Amino acid sequence: MNDDMGRVRLVRDLVRTGVSHNVLAKGRRSGSWTQVRRGAVVPGDLSEDERMRHRELIAATVPALVGGSFALSHVSAAVLLGMPLMNQGLDSVWITRVPGQGRSSHRRPQLVSRVCGLEDDELVEVNGLPLTCPERVALDLAREFGFVTGVMNADSVLHAGGSRSFLLELAERGAGRPGNKVARRVAEFSDALPESPGESMMRASLEMRGCPPPALQYVVRTADGQVIARCDFGWPEHGVVGEYDGRVKYGRLLKPGQSVSDVVVAEKEREGRIMEQGLRVIRFCAADLRRPDLAAGRLNRALLGGSTALEAGRPAR
């Protein structure tokens with residue numbers, strides 16, 4: 001375990017060093033100790049950061065796992081690998097065991113165990129712990145939580161240099177597993193070009209609602225070829241481009257000495273230059289992920305308006 005998981009103390013170890021159960025009980029009542037799970041505590045309060053809390057739950061749970069080999073998987077592997085999260089399943093440690101160890105899949109308080117085949121090339125090690133590899137994690141999350149979560153993670157894996165062919169191979173290996181149709185669809189749809197989880201979730205949500213697939217990281221140019229902008233999404237045949245606006249994106253655009261308001265003003269000016277090329281700009285944000293049907297309807301209206309404007313020979317605005 002690395003240092004940021006080192007706050008966790010096993011009760012059995014504390015008792016061996018002379019800390020009595022009564023002292024620990026008083027400490028929990030006073031707030032000087034907080035229980036992570038049965039048999040494990042941390043000094044003070046639990047971490048406010050959800051990733052950190054989950055890492056501490058892993059550190060508290062792994063020593064209690066008995067009965068054959070396992071790999072941390074699903075949400076737990078995603079946390080340790082730094083993959084994006086959707087606040088799902090963080091209250092439990094997720095493990096996968098291979099068949100034939102007398103175990104069955106189960107879900108208990110703070111522990112979800114899956115029994116499933118694991119090949120050597122599907123495993124990695126992080127901080128001395130066995131984990132399923134990023135490609136396997138992305139598809140397992142797709143099987144468990146659906147297409148949007150799967151695409152968010154698969155895009156992230158590919159953007160970080162993961163293997164698309166390996167994703168497709170793993171989807172084939174998973175034939176017959178619950179949810180594998182979704183995993184296969186995720187493997188086929190995933191792309192390395194999206195630059196944020198929000199972009200990936202937005203395009204996956206629109207795909208689920210039958211919207212035309214966009215060109216990703218679409219470059220807008222003037223008639224003489226000068227680059228004006230690079231947009232998250234492009235539907236050039238409709239004269240429409242799309243942008244996903246999120247806190248991560250604005251933080252990435254900040255230059256030394258700039259404020260977020262400076263970036264917003266610069267984005268408005270950039271949008272004006274895009275529109276001067278006869279393109280219509282549609283913006284998405286986190287609220288659209290909560291109301292994807294409305295977002296899809298807004299996009300389809302923009303695409304229809306853009307097509308009509310192009311056919312009429314006037315700028316689509």
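These figures come from a predicted structure and were not determined experimentally.
The backbone N or O of L72 sits nowhere less than 3.5 Å from a side-chain atom of S76 that would complete a donor-acceptor pair. Put simply, the side chain of E144 never gets that close to the backbone of D140: no donor and acceptor are under 3.5 Å apart. No donor-acceptor distance shorter than 3.5 angstrom exists from the side chain of H106 to the backbone of S113, with no hydrogens or angles considered. Judged purely by atom type and a 3.5 angstrom limit, R230 has no side-chain atom pairing as donor or acceptor with the backbone of V227. In this structure a side-chain-to-backbone donor-acceptor pair under 3.5 Å is present from N300 to A296. A donor-acceptor pair is defined here as one N or O able to donate and one able to accept, closer than 3.5 Å; no such pair exists between the side chain of S92 and the backbone of G89. Panel note: side chain N127, backbone L129; no donor-acceptor pair is recorded below 3.5 Å. Under a 3.5 Å cut-off, the side chain of N180 and the backbone N or O of A183 do not form any donor-acceptor pair. T132 contributes no side-chain N or O that, together with a main-chain N or O of V137, makes up a donor-acceptor pair within less than 3.5 Å. Between the side chain of S205 and the backbone N or O of P292 there is no donor-acceptor pair closer than 3.5 Å.
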Q: Please test L118 against R136 for side chain to side chain contact (heavy atoms under 4.5 Å, CB included), starting from the C-alpha separation and ending with a verdict.
A: CA-CA 10 Å; L118 281 173; R136 171 69 188 258; 3.2 Å; yes
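At a threshold of 4.0 Å, the pair E119-R173 does not count as salt-bridged, since none of the basic side-chain nitrogens sits closer than that to a carboxylate oxygen. A salt bridge is absent between R53 and E48; no separation between the charged side-chain nitrogens and carboxylate oxygens falls under 4.0 Å. With respect to the salt-bridge test (charged N to carboxylate O, under 4.0 angstrom), the residues R270 and E243 qualify. Using a 4.0 Å cut-off between a side-chain N of Lys or Arg and a carboxylate O of Asp or Glu, E267 and R283 qualify as a salt bridge. In this structure, D232 does not pair ionically with R203, as no charged nitrogen and carboxylate oxygen lie closer than 4.0 Å.
With rounding to the nearest 0.5 angstrom, the CE atom of M152 is 7.5 Å from the CG atom of L141. In this structure, M202 CE and L299 CG are separated by 8.5 Å, a value rounded to the nearest 0.5 Å. Summarising the geometry, atom CG belonging to L279 is positioned 13.5 Å from atom CZ belonging to R273; distances are rounded to the nearest 0.5 Å. Considering CG of L206 and CZ of R298, their distance stands at 9.5 Å, rounded to 0.5 Å.
Side-chain contact annotation: T149 with Q88, donor-acceptor N/O pair under 3.5 Å present. Using modelled atom types, one finds a donor on one side chain and an acceptor on the other under 3.5 Å when comparing S73 with T96. Side-chain atoms of T222 and D224 include a donor-acceptor pair closer than 3.5 Å. In the model, R37 has a side-chain atom that pairs as donor or acceptor with a side-chain atom of T61 under 3.5 Å.
Hydrophobic clustering, defined by side-chain heavy atoms of Ile, Leu, Val, Met, Phe, Trp and Tyr closer than 4.5 Å, groups L24 together with V11, L14, V15, V19, V23, W33, V41. Counting Ile, Leu, Val, Met, Phe, Trp and Tyr side chains that sit under 4.5 Å apart, directly or through other members, L168 stands alone, with no cluster partners.
The only member of S200, S196, S190 that meets side-chain hydrogen bond (donor to acceptor under 3.5 Å, both in side chains) when paired with D155 is S200.
Identified under the ring pair (Phe, Tyr, Trp, His ring centres under 6.0 Å) test for residues 210-230, with sequence neighbours left out: none.
Considering only heavy atoms from C-beta on, L123 stays 4.5 Å or farther from C133 through its side chain.
Side-chain rings of F233 and Y244 stay apart, their centers remaining 6.0 Å or farther from each other.
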